[in-house]
Structures are given as C-alpha cells and as structure tokens.
Visitor: 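My questions all concern the structure below.
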Amino acid sequence: MSAVSLLNPKAEIARASHSLAINISAAKGLQEILKSNLGPKGTMKMLVSGSGDIKITKDGNVLLHEMQIQHPTASLIARTATAQDDVTGDGTTSSVLIIAELLKQADNYIGEGLHPRIIVEGFDLARQKALEVLEQVKVPCKVDREVLTQVARSSLQTKVTPELAEHLTGVVVDAVLAIHEEGKPIDLFMVEMMEMMHKTESDTKLVRGLVLDHGSRHPDMPKAVKDAFILTANISLEYEKTEVNSGFFYKSAEEREKLVAAERAFTDEKVKKIIELKKKVCDGNNKGFVLINQKGIDPVSLDLLAAEGIMGMRRAKRRNMERLTLACGGVAVNSVDDLLPENLGHADDVYEHVLGEEKYTYIEGCKNPKSVTILIKAPNKHSMVQIKDAIKDGLKAVVNAIEDKFIVPGAGAFEVAISDALTTYKESVKGKARLGVAAFAEALLVVPKTLAQNAGHDQQSVLVELHDAHVATKKLVGVDLKTGGALCPIEHGILDNYRVKRQIIHSATIIASNLLLVDEIMRAGLSSLKG
C-alpha cells in the first residue's frame, strides 16, 4: 500500500483489524437506530428535513431512504435493505438487524484469532441449511380471505397503530381480491391511491370503482347521476390548431366567416354524434350518461352536452382511462365512428364531491370491477404519507402470499426454528467452519430478542421459554408480546411472507460475508488529490 501512498499522498487507508472494526461499528450504529422499530410494539421515529418537514414513521424502508447516511459501509447496508423492500415489500428492519448481528457474532471469534474466511465458509453452510429449514416450515396458502387478512394484519401492525392496522387490513385485502384473476399476474397499478386531506385516518376506505381528482367543467351539468352509462373517449371536442405551421389567405371577411363556421361545424358534428348515442340508450328510461374524455372539450361543446343533461369531464389522466374500462366495462373510444352502445361502460352512481377548491368525482357501484381505488383520508400531510407507505406494504404482502402460495409463521418462530436446527447441525460440520454455523445460529435470535425487548420483556427469559417450548412441542413457537411467553403463530394468525424470509437469509448472509472479507479500506479517489 506504500505504492498508493507514493502516488496519492492524501490517500486514507484502513488496514486489517481496523477496517473490520469500521465495518462492524457502522452495522452496529444502524442496528441501534432501527432496533426499537421492530414489530407491532416498536416505537416511532420523527424525521425532520432541512426545510422543517416532519415525517413520523417506524417503517425501516422509509427511515433508510430519508436518513442522510454518510458512512460508506452503513450506506451499503441501507441500500441492501431498501432493495429488499423494493423486491418483496417488507423485511427492511429485520435485514439490517441480522446483517449487524452476523458481524457482531463473527467479531467475537475473529477477536480470538479465527480467520474471517473460515467464518464465511460456516455462514455459507448455515445459509444452505436455513433455506432447507425454510422449505420444511412453510405452510401452503390458498386464496382465502381469512388467511390473506392475517398476512396483511401482520404486515400492517408493524407500520401503524393496531386500531388503524385493523381498519386498513380489510381495505387492502378487498382491493387485491377485487383485481385478482386466477392464472394472471396481479398488477398493483390497478389499485389507484387517491389522497384527500379531510376527516381522520379511520375514514380511509375502498371505493369499488374510481375516484377522479377533477369534476365537470360546466355549472349546468348534473352533479350526480344514478344508473349511468359511461363513455370513455379519446376524442378532441375543441377547435384545434394545425400541427404544421400554415397560413390562410382570405379574399373577403365572408370567406373567413365560412372557414370559422366550417371549423365549428366539424367539432359540433362530433358532439352531436355523442348526443345521438345518449338519446339512443337513455330515451324512455331514467338512466344517466357520463362522458369522460382524455382530450379537451371547448365551452361551446360543453354547452351542448349540458343542454342534454350529459355530465362531461375533460382532460382525464391517461392512467385513469385504462382503469376506467377495467372498472366500469366498455371500450375506450378513439373515434366518433366507434360510438356504439356495446362500447359503453356502466356505474350505479357517479357524483361530484367538492372539498375546498378541489373537486373529486366518484364513480361507484361498478359490477365486478377489475380496478379499484383506495381513498386515503387524513387530517395532515405526514399522517397521509405514513398511511400510504403502510398500504403499499400491505398490498405487496397480500400479493406475495397469493403468488408464493406459501406463508411462514411469524412472531420470531421461524428464526428460533432455524437457530435450533443449526445448533444440532453444527455437530455434523467438521473443522472450524462449525464456529461460523454457531455464529449464524446465535445471530438469527436477534429477531425474537428484539421483539421481546420492544414489548418490555426480558430477552433471555423469553428465549429460554421459546427453546423449551420448541423442544417440548416440536412445533414452531413465537414470542407472545402480551405475556412474554410462547405462542403458536399459525393459531394466532401471525403470518409472514415466504419470499421475504428467503430474501433476508440470502441478502443478509452475502452482505455480512462480503464485509467480513474486507481487509483494507482506501479512500484514494481523484477528489482527494485536488487542492
């Protein structure tokens, strides 16, 4: 390394034991921050930005994204944990805790002179064994509302208060079941999240249809329509300028008037065809007619539509156009030549809701909608953001359970089962690698220990009770956060995602192994040469 020093005298170099100490202290620092957030009894963190914006959360993913982490090793661990959330939707806090604990346990052996490479070999053996145990303990899961409710509740209770989690659980499960079609991948973009700063968090609800963030553009148009036909259109109903630069030369004012009249007649013709369709399907009954157009509708066209009692909305967002046909049925029409009754959708209730200066249009009562809206209500901005983050994780948890077709017992039961299995397995491992297996077994217990600690119980007594119950019953047992004793997670409906646990074992082991094998840290980039 003297060569690097000669080339770059400002290079900062950390050697063997010092570089390991740097990595382990970074992991410990992150662990200390996130430890108190784990589980339903975890505490909240308040993040204050440079501009004074407040965010209150206990979601590990949000914390790691929002915190400004300077330390390179801590930043690496944080990025791994947030990637875990991006892939599976959960497990960020657990991931950080296990990476840090693996490094801490390894440090005990390295301090006694064991080489990091041997510990890494032990970790690798332990990881393979842990994945085998995961395959043994996973429980088959059907697309059953009760099971999916338990999965969603287990995820949401670690993000928000128990009362709010209970309320959101039903919303999340119903949203996923509405858009789920057997044999097709679930597209969560078909669940629209509409925010409304209004009332309280418990007023958040599922709308089996759509909520648009704009209303009709004419005062004489009906504000509410019952039993309505929905025309989803992408037709320009306004005077349009030519796409190329062009000029018109008139001989007289009359010729100009004729051109203006012809342009107007071109647009009016399209409006009249829509009115004809409305008369065709609505005459002789009390049905309403709603036009939702992606392009513009000019004031003259709005007058014509209002005169016929048609509720018209213009400039609808493109993403809503796709959702509209899935929610209400029908086909999105791009030309007036396709205006046929069979291309119309249907909704029982379409009405406008005004909140301050904002207008919202509810489209409800759709038959078998394949796109739904979760209407998030909260009295302030930071509550809104917290609920939105929680709902995203809850939706992902339910989708994971449906797609995996398996679930894993929660409450720390899975970690205790692996720890016990590895303790038995290490006897069959030859050589010093068994110390790596022992370190892995001990490190996984950080999850039940932390769950117990956050609930106000003694870590060691809870662990002893869990091990005794596991040996006695030969069943998976987790931490009962109320009593500090043991419980059967499946009976109590505490269920985790299979893919989350599998990803944690993979990513935590690989990152911890890589950090253990670092024997030199150099800060010798070009920037350190300047000045």
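Residue numbers run from 1 in the order of the sequence given.
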Visitor: Which heavy atom of L156 sits nearest to which heavy atom of I391, and what is that distance?
Guide: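 In terms of heavy atoms, the two residues are closest at CD2-N, 4.4 Å.
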
Visitor: Cation over ring, K138 on F406, under 6.0 Å and within 45°?
Guide: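 Yes - K138 lies over the ring of F406, closer than 6.0 Å to its centre and within 45° of its axis.
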
Visitor: Between T158 and S155, is there a donor-acceptor pair closer than 3.5 Å when you use the side chain of the first and the backbone of the second?
Guide: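 Flag set: sc T158 to bb S155 pair under 3.5 Å.
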
Visitor: What is the minimum heavy-atom distance between N497 and A397, and which atoms define it?
Guide: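 Nearest pair, atom of N497 first, then A397: ND2-O, 3.1 Å.
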
Visitor: Which pairs, with at least one residue in residues 341-350 and sequence neighbours excluded, count as a side chain to side chain donor-acceptor pair (under 3.5 Å)?
Guide: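 Output for this query lists K226-D349, D227-H346.
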
Visitor: Main chain of T82, side chain of T92: is a donor-acceptor contact present, judged purely on distance under 3.5 Å?
Guide: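 Checked: no pair found.
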
Visitor: Quick test of your reading: applying salt bridge (charged side-chain N to carboxylate O under 4.0 Å, His left out), list the pairs with at least one residue in residues 25-36, sequence neighbours left out, ordered by first then second residue.
Guide: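 Every pair satisfying salt bridge (charged side-chain N to carboxylate O under 4.0 Å, His left out) with a residue in residues 25-36: there are none.
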
Visitor: Under a 4.0 Å N-O cut-off, is there an ion pair linking R314 with D298?
Guide: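 Not counted as a salt bridge, because no side-chain N and carboxylate O are separated by less than 4.0 Å.
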
Visitor: Would you say the side-chain atoms of E195 pair up with the backbone N or O of I376, donor to acceptor, closer than 3.5 Å?
Guide: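 Flag not set: sc E195 to bb I376 has no pair under 3.5 Å.
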
Visitor: Treating S154 as the side-chain partner and D496 as the backbone partner, does any N or O pair qualify as donor plus acceptor under 3.5 Å?
Guide: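 Absent.
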
Visitor: Apply side chain to side chain contact (heavy atoms under 4.5 Å, CB included) to L444 and I98, showing your working.
Guide: CA-CA 6 Å; L444 281 180; I98 291 172; 3.8 Å; yes

Visitor: Could you tell me which non-hydrogen atom of V225 sits nearest to which non-hydrogen atom of G288, and how far apart they are?
Guide: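 Shortest heavy-atom separation between V225 and G288 comes out as CG1-CA, 3.3 Å.
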
Visitor: What are the two closest heavy atoms between L515 and N23, and how far apart are they?
Guide: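 That closest heavy-atom pairing would be O-ND2, 3.4 Å.
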
Visitor: For the side chain of K41 and the backbone of G456, is there at least one donor-acceptor N/O pair under 3.5 Å apart?
Guide: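 Absent.
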
Visitor: Would you mind writing out the side-chain donor-acceptor pairs for residues 272-280 within the sub-3.5 Å range, not counting sequence neighbours?
Guide:
from : atom 1 : to   : atom 2 : distance (Å)
K278 : NZ     : E308 : O      : 2.9

Visitor: Name each donor-acceptor pair under 3.5 Å that joins a side chain in residues 504-511 to protein atoms two or more places apart or in another chain, with its distance.
Guide:
from : atom 1 : to   : atom 2 : distance (Å)
H506 : ND1    : R127 : NH1    : 3.3
S507 : OG     : Q503 : O      : 2.9
T509 : OG1    : I505 : O      : 2.5

Visitor: Salt-bridged, K370 to E181, with N to O below 4.0 Å?
Guide: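 Looking at E181 together with K370, the answer is no, because their closest N to O distance does not fall below 4.0 Å.
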
Visitor: Could you go step by step and tell me if V139 and V408 meet the side chain to side chain contact (heavy atoms under 4.5 Å, CB included) rule?
Guide: CA-CA 6 Å; V139 181; V408 178; over 6 Å; no

Visitor: Can you check side chain to side chain contact (heavy atoms under 4.5 Å, CB included) on V207 and M194, steps first, answer last?
Guide: CA-CA 10 Å; V207 176; M194 182 59 68; over 6 Å; no

Visitor: Quick test of your reading: applying salt bridge (charged side-chain N to carboxylate O under 4.0 Å, His left out), list the pairs with at least one residue in residues 401-412, sequence neighbours left out, ordered by first then second residue.
Guide: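 Qualifying pairs, neighbours excluded: E403-R499, D404-R499.
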
Visitor: For a quick test of reading the model, state the closest non-hydrogen atom pair linking V398 to A152 and the distance between them.
Guide: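 Where V398 meets A152 most closely, the heavy atoms are CG2-CB, 3.7 Å.
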
Visitor: Can you find a heavy atom in the side chain of F289 that is under 4.5 Å from one in the side chain of L344?
Guide: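 SC-SC contact between F289 and L344 confirmed.
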
Visitor: If you apply the rule side chain to side chain contact (heavy atoms under 4.5 Å, CB included), what do you find for R145 with D174, and how did you get there?
Guide: CA-CA 8 Å; R145 194 177 191 282; D174 287 342; 2.8 Å; yes

Visitor: Could you give the side-chain donor-acceptor pairs of residues 361-368 under 3.5 Å, partners two or more places apart or in another chain?
Guide:
from : atom 1 : to   : atom 2 : distance (Å)
T361 : OG1    : H214 : O      : 2.6
E364 : OE1    : Y351 : OH     : 3.3

Visitor: Does the side chain of R153 pick up a donor-acceptor pair with the side chain of T149 at under 3.5 Å?
Guide: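 No - no donor-acceptor pair under 3.5 Å links their side chains.
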
Visitor: Are any side-chain N or O atoms of R502 and backbone N or O atoms of E135, one a donor and one an acceptor, separated by less than 3.5 Å?
Guide: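 Answer holds: no.
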
Visitor: What's the shortest heavy-atom distance between N37 and T43, and which atoms?
Guide: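 Taking every non-hydrogen atom into account, OD1-O, 3.5 Å.
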
